[in-house]
There are 2 protein chains.
Amino acid sequence: MSAPVPGFARNTQLSTRIAAHLLAQIEADGLTTGARLPTEAQLARDFGVSRAVIREAIAQLRNEGLVETRQGAGAFVADMAARPIRLDAPQDMDSRAFQQLFQLRAPLEVEAAALAAHHRSAADIVRIKAALARFDQPEESADSSVAADLEFHRALAQATGNPYFVQFLTAISDRIAHVILAARAETPLDALHAQTRREHAAICAAIVAGDARAARAAMRAHLAGGAQRVGLQLDMSD
Amino acid sequence: MSAPVPGFARNTQLSTRIAAHLLAQIEADGLTTGARLPTEAQLARDFGVSRAVIREAIAQLRNEGLVETRQGAGAFVADMAARPIRLDAPQDMDSRAFQQLFQLRAPLEVEAAALAAHHRSAADIVRIKAALARFDQPEESADSSVAADLEFHRALAQATGNPYFVQFLTAISDRIAHVILAARAETPLDALHAQTRREHAAICAAIVAGDARAARAAMRAHLAGGAQRVGLQLDMSD
DNA sequence: TCGCGTTAATTTGTCTGATAACCTGACATA
DNA sequence: TATGTCAGGTTATCAGACAAATTAACGCGA
């Protein structure tokens, strides 16, 4: 039922190991939502370390959303359903990892375009068109060009009315943009810029028209074009 | 360029406030990857708190993947591209949030099915069939039935060969399953169980056959059926 | 001059003990 | 019953110290 919680592997800190140990102990004891953990002093005795280390370990579990602490009361197992979802990026972002990240992003962008075509509000359309307009200034740095690109996709995600799409697509686009900027900091982007603008305009038109099917197709074309632009081959079947 | 980092709002701990302050200061100073933060002693003086609080604040940033610390060397701004992606679940998982979570999951499951049909290995097929076989025991608790369901979807995600799909779909399915189990702990699931098994079998067959289009369709049918089973209406266009 | 151990200063990691802030349950009282 | 008070326990924060690791300067020999 419970998935392994990432984030405890790379670090070999004492507090990190104890956090992992503590988590295993919680699961082994079958502690569920609301169950109380032993006191810090007790845990310090059990593990044979100082209370400071125990506090750091519990703080890690708290940051993962696995436990909650209340001053004067204790530490309690948090509601697992409300635990934040975490996606670990690789330590070395090679081309393979980059392609896999793009592969994860693609279907979400396509679906977001379709949802946006269905649920867009007047305010959404204003935001999307504003983001599109930022592309019309022809001469800009690569940095601001990418920023405008991100803003367009963010506005689109917002138009889905689903905050998860906003959070996730924003985060994943941000990582991808970072990689692109780091890789090719000094590449002429003029023609690419214009092409990107055309693709964005097509997506925007489909969303304004409320045509989900066209929005999907336009987004697929945009992603395929973007992948090609950064030297990536992507199978966008269906 | 940089997205706001979630997770600092609800908690009013001193160390949490200082972590947020510290992060704002990093961004304001334009510190990029590899830049070194002031020493703990210095920060303790600056903020007028003890070193323990500073350590907890830095530990939070470290857990968010924003900084890295090396004993003897100092604390450094981490590579933003490698920062883990985090998706905050809502504090109260109402039906609306549940529907939105399902809406996020659906296109990823569909894409995963298509990717699995393309990239499945012999070992993948074995795992998927094994997960399918676990469904054949008719009499089980609702808990074990959901567990078998999760295992099937996990095996499918694994067959994509993309670890991001595994991580994300596992996590999101886990949350959804928790909600389902909590909501209807005591509901007869016999007919539903059989129906789920049929849908899984259809997906499995399409993947084994290497037919991505059929896998997509079968997964869409499965998700639509699952949504209906938990009393959710889902527009699965395209 | 260049390479290479050695050393000293700096910094994070851990330990110890203490105090403040807070929560919980028992108890007394009206 | 309802309420206020109190005592004990727990987490949050503070202060100081030592251990462990890194870094850079230094001296020395080739």
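Note that the structure is predicted; figures quoted are calculated from it, not measured. Here is how names work: the chains are called A, B, and so on, in the same order as the sequence lines, proteins then strands, and each is numbered from 1.
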A:Leu104 vs A:Leu87 side-chain heavy atoms within contact, under 4.5 Å: yes
Nucleotides bounding contact with chain A, strand DNA chain D, heavy-atom threshold 4.0 Å: D:dG9 to D:dT13
Residue pair A:Val77 / A:Leu37, side-chain heavy-atom distance below 4.5 Å: yes
Side chains of A:Arg45 and A:Gln42, donor plus acceptor under 3.5 Å: yes
Parallel, tilted or perpendicular: ring planes of A:His222 versus A:His153, cut at 30 and 60 degrees: parallel
Side-chain heavy-atom pair B:Leu66, B:Met80 within 4.5 angstrom cut-off: yes
Spacing of B:Glu64 atom CD and A:Arg86 atom CZ [to the nearest 0.5 Å]: 7.5 Å
Where protein sits on nucleotides 12-22 of chain C, one letter per nucleotide: B base, S sugar-phosphate only, - none, heavy atoms under 4.0 Å: BBBBB-B--BB
Heavy-atom side-chain proximity of B:Phe98 to B:Ile180 below 4.5 angstrom: yes
